Protein chains: 2
Amino acid sequence: MSWSKHERGGAEGAGGPRGYHHGNLKEALLRAALELIAQKGPAGFTFAEAARWAGVSPAAPYRHFRDRDELLANVALRGFERFEVVLKRAWDDGRPDALAALDRLGKAYMEFARTEPAYYSAMFEAGIPLSTSAELREAGERAFAVLRGAAEKLCAQMPAAKRPPALMVALHIWSLSHGVASLFGRGDAARRTLPMSAEELLEAGVLVYLRGLGLSAAGDRPPG
Amino acid sequence: MSWSKHERGGAEGAGGPRGYHHGNLKEALLRAALELIAQKGPAGFTFAEAARWAGVSPAAPYRHFRDRDELLANVALRGFERFEVVLKRAWDDGRPDALAALDRLGKAYMEFARTEPAYYSAMFEAGIPLSTSAELREAGERAFAVLRGAAEKLCAQMPAAKRPPALMVALHIWSLSHGVASLFGRGDAARRTLPMSAEELLEAGVLVYLRGLGLSAAGDRPPG
DNA sequence: CGGCTAATGTAAAAGCCATTAACATGAGCT
DNA sequence: AGCTCATGTTAATGGCTTTTACATTAGCCG
């Protein structure tokens, strides 16, 4: 194992590099970007400041990312990967039943948006075209696939005659989740004062929606 | 009427100013910003280029806007005002009945997002804190008030016992609309290939949701 | 009409950022 | 030990933002 090189930068925080070579600059830049995006939004983040944060010259990042956008795209990529993990864990293959699991899924969605606003905005609000890289698109697809799988399990337990297309259900739930997260999910600036938390709002909305689909177990009274 | 001054800049397109003074620079800058945001997104838009587009020096805009963000906020403000008009017209006080009017409202929402992407992104995706100015916040409230009024009319025609809070309904519909618009509503880059248009997706989602609320007239079969 | 003043523009400069090109260092392999 | 390539640095270019000092002129007042 090559200790002398790889131990550095990996767990060193903002300590800074020792020698001429940083040792783990790519990773350090990704982390710096994440931190800066969290502080000032995807627009406020600058390549040069990430370099500074990592303790290298402004030109160094170009050895690892073609340009600023590619770094942003890499943050988004990593975000989608983490998002998929989080959603998968919450869904847990629909155990113990699809409705309980879907409820966890919604909470996990909102929690991700709330606790990882930098990832979330890089993924959805930074204006990165998904066509940037196949990897990015596929990571996005995999995250969405979790939602889609959940929709399929839900639809499967409905009588075939009144069964809606699972893809449509997945898109509806995703849209509602993203809308709530995007409009009300983050702590500070753009928030409107709500009579309920974003999590509750989403949960209530999904319940109403599912009832509309005919899932009788889903909240038989209107929430309020 | 002061022809000699005000005719200029107002309808002159990119013709450029004639004398030392532009005559209607503020308006020209707002329009330039709108055009540039439409082309390159709120992040790609630059103050200097708007000035160039209006035919003035890079410092001139500072006579009308404190900084770049204030210009952006003014675009968003104007966007909310237009949005309110569009939504109000579509809602038309709920004529001939609330469901038909709500359907028009959803279509108008999506059409605004689609045909005025620059306004839409300035309003919702540019990261402008609503606290920027009271005017901005109030304009946003007025636009939302249309949705809220629609939700109230819908709820009013439900039996009081199973009547959900109108505010919650408005927030749900808004979130779903914004989610659909934001994820699938704009033409080119970030779009995913869908089995249906964004308008259809939203309409179907709202119908399911309303059915979940117990509005029996709302789509008695699951859409597909 | 003639002149004052405030509004509106311009020019120039400082400071930051992105990006590139030429050069430097040293890690890892042979 | 020496080679070579990955990884950094320095320096330079060009653009953007914002400020300061100065220029022009529109509108008003006598």
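Treat the numbers as computed from the prediction; the structure is a model and nothing was measured. First the proteins, then the strands, lettered A, B, ... as listed; each starts at 1.
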- Query: Could you go step by step and tell me if A/Phe144 and A/Leu171 meet the side chain to side chain contact (heavy atoms under 4.5 Å, CB included) rule?
  - Reply: CA-CA 9 Å; A/Phe144 174 63; A/Leu171 291 172; 3.8 Å; yes

For nucleotides 11-14 of chain C, which of its nitrogen or oxygen atoms have a protein nitrogen or oxygen under 3.5 Å away, and what is each distance?
none

- Note on the structure: Within residues 61-77 of chain A, those residues having any heavy atom closer than 4.0 Å to DNA chain C are A/Tyr62, A/Arg63, A/Asp67, A/Arg68

Using atom [atom1] of [X] as one end and atom [atom2] of [N] as the other, report the distance to the nearest whole Å.
X       : N      : atom1 : atom2 : value
B/Leu29 : D/dT17 : CG    : P     : 12 Å
A/Phe47 : C/dT20 : CZ    : C1'   : 13 Å
B/Leu25 : D/dT25 : CG    : C1'   : 15 Å
A/Asn24 : D/dA6  : CG    : P     : 17 Å
B/Leu36 : D/dC16 : CG    : C1'   : 14 Å
A/Glu49 : C/dA18 : CD    : C1'   : 14 Å
A/Arg52 : D/dT9  : CZ    : P     : 13 Å

- Item | Full working for side chain to side chain contact (heavy atoms under 4.5 Å, CB included) between A/Asp69 and A/Ile128 | CA-CA 8 Å; A/Asp69 283 355; A/Ile128 305 168; over 6 Å; no

- Query: Are A/Glu35 and A/Arg31 close enough, and set up right, to give a side chain to side chain contact (heavy atoms under 4.5 Å, CB included), and what steps lead you there?
  - Reply: CA-CA 6 Å; A/Glu35 178 64 21; A/Arg31 260 186 285 199; over 6 Å; no

- Message: If you apply the rule ring-ring contact (aromatic ring centres under 6.0 Å, His included), what do you find for A/Phe83 with A/Tyr109, and how did you get there?
- Response: CA-CA 8 Å; A/Phe83 197 38; A/Tyr109 191 113; 5.1 Å; yes

- Task: Would you please classify the geometry between the A/Phe45 ring and the A/Phe47 ring as parallel, tilted or perpendicular, with 30° and 60° separating the classes?
- Result: perpendicular

- Reported CG-to-CD distance for the pair B/Leu136 and B/Glu81, which is rounded to 0.5 angstrom: 9.5 Å

- Query: What distance separates B/Leu25 CG from B/Leu30 CG, expressed to the nearest 0.5 Å?
  - Reply: 9.5 Å

- Intra- and interstrand pairs of DNA chain C - dot-bracket, Watson-Crick/G-U under 3.5 Å, | marks other strand: ||||||||||||||||||||||||||||||

- Task: Would you mind classifying the nucleic acid contact of A/Ala60 as base, sugar-phosphate or nothing, using non-hydrogen atoms under 4.0 angstrom?
- Result: base

- Message: Looking at every heavy atom in both B/Gly79 and B/Met123, which two are closest together, and how far apart are they?
- Response: C-SD, 3.5 Å

- B/Leu105 and B/Val146: CA distance, side-chain angles, deciding distance, side chain to side chain contact (heavy atoms under 4.5 Å, CB included) verdict: CA-CA 9 Å; B/Leu105 194 57; B/Val146 180; 4.3 Å; yes

- From CA spacing to verdict: salt bridge (Lys or Arg N to Asp or Glu O under 4.0 Å), A/Arg78, A/Glu27: CA-CA 11 Å; A/Arg78 191 167 287 204; A/Glu27 187 61 30; 2.9 Å; yes

- Within the 6.0 Å centroid threshold, strictly below: B/Trp174 and A/Phe184: yes

